[in-house]
Each structure stands twice: as C-alpha cells, then as structure tokens.
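Structure, as structure tokens:
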Amino acid sequence: MVPRLFLVLPVVLLALAFQAILQPPPPKLCGSAGGPPVTSPRIKLRDGRYLAYREDGVQRDKAKYKIITVHAFDSTKDFPSPVSKELVEELGIYLLAFDRAGYGESDPNPGRNVKSEALDIEELADHLDLGQKFHVLGVSMGGYSVWGCLQYIPHRLAGAALVVPVINYWWPSFPAELSRQAFKKLIVPEQRTLWIAHNAPYLLYLWMTQKWLPSSAAAMHHPEIFSKHDMEVIQKMMATPRIIENRSRQQGIYESIHRDLLVAFGNWEFDPMNVTDPFHTNEGAVHIWQGYEDRLVLVELQRYISKKLPWIRYHEVSQGGHMFMLVDGWTDKIIKTLLVGEEASPM
C-alpha cells in the first residue's frame with residue numbers, strides 16, 4: 001500500500017502543479033472587495049453581467065444618426081475618438097462607446113464569443129432606447145463584434161463599418177495556400193501566439209505569462225508590428241498628449257486580452273464569407289477600410305474577403321498602416337462615408 005502511494009502521490013502533485021500553472025486567477029470585478037472602482041455608467045444585462053458605456057456627440061434624443069463604436073484590442077471605451085466636433089454637429093451624430101466584456105469596467109463573460117458580443121450590443125442599444133436601427137463601427141479586434149452583428153442582428157443595423165478588422169486565418173473559405181502565406185508574414189512571436197490560441201487554447205495563459213520566449217507582439221506593443229506610417233501616427237499623437245489611463249486590463253489579463261485572442265482566432269460558429277447582404281435594397285451599406293501597409297491585419301486576406309462579398313464597399317488606403325484612422329481627418333472621412341455615402345479620396 002505504501003509503495004503504491006509513493007507512486008501515485010507524485011502524479012497527483014504534478015497534476016495539481018500543472019493545473020495551477022495553466023489555470024488563470026479569478027478576475028477582480030469592478031465594484032467588488034479589492035477590485036477596481038466603478039466610475040462609469042453601466043447597464044445590467046439579462047445574464048446578470050454589467051456593461052459600462054460612455055456617450056458622446058449630440059444628445060441622444062436629438063440625434064439624426066446613432067453610432068455604437070467597438071474598441072480595439074487592449075483598449076477601452078475611453079480611448080479618445082478623433083472624430084471632429086464640427087462633423088458631429090453638422091450631421092447630428094450621437095456616439096455610444098462601451099467596454100467589451102472583461103475590459104475596463106464591464107464584467108467578464110467566461111462564455112464570450114462572437115455571438116455574445118453582438119447580443120451585448122443589441123441589449124445595450126435597447127437599454128438606452130436607440131431605436132430599431134443604429135450604425136456600428138468596429139476597429140481592429142472590435143471588427144469581430146461587427147461581423148457578429150452582421151450575422152446575428154442584421155435587422156438592427158442601419159449601416160456598418162469595419163476598420164482594419166481582425167482576420168481569423170482559419171476561416172474555412174480562405175484558400176489554404178493564401179492563408180498560409182499571409183500567416184507567414186506575421187512576425188514569429190505573433191505566429192506562435194495565434195497558433196496556440198487556435199490549436200491549444202488551454203495553453204494560452206501559460207504562453208502569455210511565461211518569460212522565456214516573446215509571446216504576443218500586439219500585447220507587448222512590439223515595434224515590429226508598426227509600419228512606417230504607424231510610427232508617424234504615434235509620433236503625431238505623442239506631440240499632442242492626452243491624459244488618459246488605459247484601464248483595459250484592470251480586472252485581469254485573461255478575461256480581457258487573452259479572451260479576445262481566444263474568441264478572435266478560435267473556431268467561429270459561422271464563416272464571415274457566407275454572411276448575406278443585410279442591405280439588399282440599398283437602405284444602408286457595409287464598409288471595410290484597410291491600410292495597405294498594415295502589418296497586423298494583412299491586405300491580401302482583406303482583398304479576398306471583398307471579392308467573396310462584393311456587396312461590401314472596400315476602401316484600401318495606399319500608404320496606411322494599422323493606425324491610419326487616428327490622424328489626418330480619416331475618422332471623419334470614414335464616419336461621413338458610413339452615414340451619408342460620401343467617398344473619401346485615396347491616401
């Protein structure tokens with residue numbers, strides 16, 4: 001009996017050790033004991049979670065256009081929008097930003113997926129009485145939320161814009177060789193991270209927290225992910241600093257940035273290239289904006305999507321990187337095109 005115990009005990013201890021390493025710590029919920037404070041307005045969703053939001057632009061009840069904006073990876077609703085006050089007042093635009101689940105002051109959602117993000121948007125719109133239809137604009141990682149809206153709540157949309165939207169290399173409609181070649185253009189740490197997120201999600205927390213090898217280049221803001229134009233954008237932004245604390249990870253890294261990677265690069269319940277046109281009678285439009293020099297979201301795959309879905313209005317910015325919309329009036333051009341259909345001139 002004793003020898004058998006000596007054999008079993010190391011196995012049990014090893015299993016417990018691996019579980020401790022692989023299992024992320026529980027999140028620190030906003031408003032809980034020891035957690036971050038609640039400083040923003042929030043709504044309570046049907047499942048009991050709280051969703052934080054921020055309103056900008058003209059008053060909600062006086063707005064001609066209502067846009068729900070979806071923030072990027074490792075960001076929050078509080079990232080300053082570069083849309084001009086002049087355009088907001090000219091067109092009568094109401095802007096609603098929110099913290100996606102697990103980010104900022106919104107409660108985590110352990111079951112977060114593309115569909116849940118779309119349903120969060122719909123429920124937020126209903127809580128704030130935005131009406132039957134509204135516009136959505138998703139940036140980078142926020143693009144998968146907009147794809148979710150196109151799939152699950154197309155009847156609620158007045159129009160949609162996806163700006164440098166995230167692409168999942170494992171979407172089934174991509175030709176294998178095209179996807180493989182595009183994937184190889186990513187820097188090696190990003191390739192490893194996305195491969196783990198898709199193929200071994202249970203290892204992602206361990207991979208993202210280990211110190212021996214570089215993990216996600218996006219999470220670490222590695223300079224190689226920025227194009228020449230992106231670096232120029234960063235310099236312009238630093239020249240006019242705005243005091244804002246990025247609290248994207250304050251409830252824990254797993255339910256914010258790690259969960260984002262797992263959802264974006266996991267197995268989706270639908271293939272975006274099978275999504276149907278929600279505006280077949282031209283009462284609205286879907287736009288994709290893509291920088292040619294983007295090193296995070298590659299132009300080859302975005303072009304393929306636009307060919308598979310010719311009803312999407314595709315705009316390619318010749319010298320733009322991943323951050324092109326943050327300067328030179330590009331946000332105004334994107335929003336004006338979304339709302340009134342005016343085409344922006346090439347960059």
Side-chain angles (χ1 to χ4, degrees), residues 17-30 32 34-36 47 49-52 70-79 98-118 120 138-145 147-148 164-171 183 186-222 225 245-269 296-297 322:
F18 268 107
Q19 184 178 13
I21 293 172
L22 297 175
Q23 185 71 29
K28 298 177 181 179
L29 297 181
C30 286
S32 65
D47 62 7
R49 289 182 294 117
Y50 284 91
L51 203 69
V70 192
H71 67 77
F73 180 75
D74 204 9
S75 185
T76 70
K77 66 183 185 319
D78 297 313
F79 189 87
F98 70 101
D99 289 330
R100 295 191 286 112
Y103 276 107
E105 296 179 42
S106 288
D107 286 347
N109 180 5
R112 174 150 60 114
N113 55 32
V114 180
K115 183 176 184 178
S116 72
E117 294 259 316
D120 283 357
V139 179
S140 189
M141 191 68 87
Y144 79 70
S145 303
W147 279 118
V164 294
V166 65
I167 288 177
N168 184 319
Y169 296 85
W170 293 272
W171 286 341
F183 189 77
L186 298 173
I187 65 174
V188 172
E190 200 68 6
Q191 290 183 37
R192 293 170 179 159
T193 299
L194 302 191
W195 188 93
I196 290 171
H198 183 79
N199 293 287
Y202 51 88
L203 293 177
L204 186 67
Y205 176 74
L206 174 61
W207 168 250
M208 294 286 284
T209 53
Q210 53 81 32
K211 305 298 183 183
W212 299 284
L213 293 170
S215 58
S216 169
M220 298 172 67
H221 308 291
H222 195 288
I225 67 174
E245 181 183 1
N246 185 8
R247 295 181 291 177
S248 61
R249 309 182 186 190
Q250 68 176 352
Q251 297 184 86
I253 57 173
Y254 187 79
E255 290 296 344
S256 54
I257 63 172
H258 294 187
R259 183 75 68 184
D260 241 1
L261 294 169
L262 292 171
V263 175
F265 299 102
N267 292 315
W268 289 26
E269 294 180 350
L296 274 173
V297 180
H322 195 67

Exercise for the section: Determine the minimum heavy-atom distance between Ser116 and Gly111, stating which atoms define it. Expected result: OG-O, 4.2 Å
Completion exercise
Minimal heavy-atom distance between Leu262 and Ala197, with the atoms involved, is CD2-O, 3.9 Å
Practice task
Report yes if some heavy atom in the side chain of Tyr103 is under 4.5 Å from a heavy atom in the side chain of Ile257; otherwise report no.
Solution key: yes
Fill in the blank from the handout: dist Phe98:CZ -> Thr76:OG1 (nearest 0.5 Å) comes out at 12.0 Å
Handout entry: Euclidean distance, Asn199 CG relative to Leu204 CG, rounded to 0.5 Å
Key = 12.0 Å
Practice task
Give the intermediate values and the outcome of side-chain contact (heavy atoms from CB on, under 4.5 Å) for residues Asn109 and Arg259.
Solution key: CA-CA 9 Å; Asn109 180 5; Arg259 183 75 68 184; over 6 Å; no
Handout entry: Distance, nearest 0.5 Å, that separates CG of Leu213 from OG1 of Thr193
Key = 10.0 Å
Practice task
Over all heavy atoms of both residues, which pair between Gly104 and Asp99 is shortest? Give the atoms and the distance, please.
Solution key: CA-OD2, 3.6 Å
Practice task
For residues Asp74 and Asn246, report the shortest heavy-atom separation together with the two atoms involved.
Solution key: O-ND2, 3.0 Å
Problem - Gln251 side chain reached by Cys30 side chain, heavy atoms, under 4.5 Å - result: yes
Exercise for the section: Report the distance from atom CZ of Phe73 to atom OG of Ser216, rounding to the nearest 0.5 Å. Expected result: 5.0 Å
Handout entry: Side chains of Val139 and His71 in contact at under 4.5 Å (non-hydrogen atoms)
Key = no
Practice task
Please name the pair of heavy atoms, one in Val297 and one in Pro165, separated by the smallest distance, quoted to 0.1 Å.
Solution key: CG1-O, 3.1 Å
Practice task
Taking all non-hydrogen atoms of both residues into account, name the closest pair between Leu296 and Ala218 and its distance.
Solution key: CD2-CB, 4.3 Å
Handout entry: Beyond-backbone contact of Leu29 with Pro108, side-chain heavy atoms, under 4.5 angstrom
Key = yes
Fill in the blank from the handout: Rounded to the nearest 0.5 Å, the CE atom of Met208 sits from the CD1 atom of Ile253 at a distance of 7.0 Å
Exercise for the section: Verify side-chain contact (heavy atoms from CB on, under 4.5 Å) between Val263 and Glu117, making sure each step is shown before the conclusion. Expected result: CA-CA 10 Å; Val263 175; Glu117 294 259 316; 5.6 Å; no
Handout entry: Exam field: side chain Trp195 to backbone Glu190, donor-acceptor pair closer than 3.5 Å
Key = no
Exercise for the section: For the residue pair Met141 and Leu261, establish whether any side-chain heavy-atom pair is separated by less than 4.5 Å. Expected result: yes
Problem - Passing candidate, ring pair (Phe, Tyr, Trp, His ring centres under 6.0 Å) with His198, options Phe183, Phe265, Trp170 - result: Trp170
Exercise for the section: Would you indicate whether the side-chain heavy atoms of Pro24 and Glu255 approach each other to under 4.5 Å? Expected result: no
Practice task
Could you check if a side-chain atom of Ser248 sits within less than 4.5 angstrom of a side-chain atom of Ser75, using non-hydrogen atoms only?
Solution key: no
Exercise for the section: Can you label the angle between the Trp147 ring and the Trp171 ring as parallel, tilted or perpendicular, going by 30° and 60°? Expected result: perpendicular
Practice task
Please lay out, stage by stage, how Glu269 and Val114 fare under the test side-chain contact (heavy atoms from CB on, under 4.5 Å).
Solution key: CA-CA 8 Å; Glu269 294 180 350; Val114 180; over 6 Å; no
Completion exercise
To the nearest 0.5 Å, atom CG of Leu186 lies from atom CD of Gln191 at 6.0 Å
Handout entry: Pairwise side-chain contact, Tyr254 with Pro110, heavy-atom cut-off 4.5 Å (strictly under)
Key = no
Fill in the blank from the handout: Residues at least two apart in sequence or cross-chain that pass ring pair (Phe, Tyr, Trp, His ring centres under 6.0 Å) with Trp207, listed by chain then number, are none
Handout entry: Residues forming a side-chain hydrogen bond (donor to acceptor under 3.5 Å, both in side chains) with Tyr144, sequence neighbours excluded
Key = Arg100, Arg112, Asp260
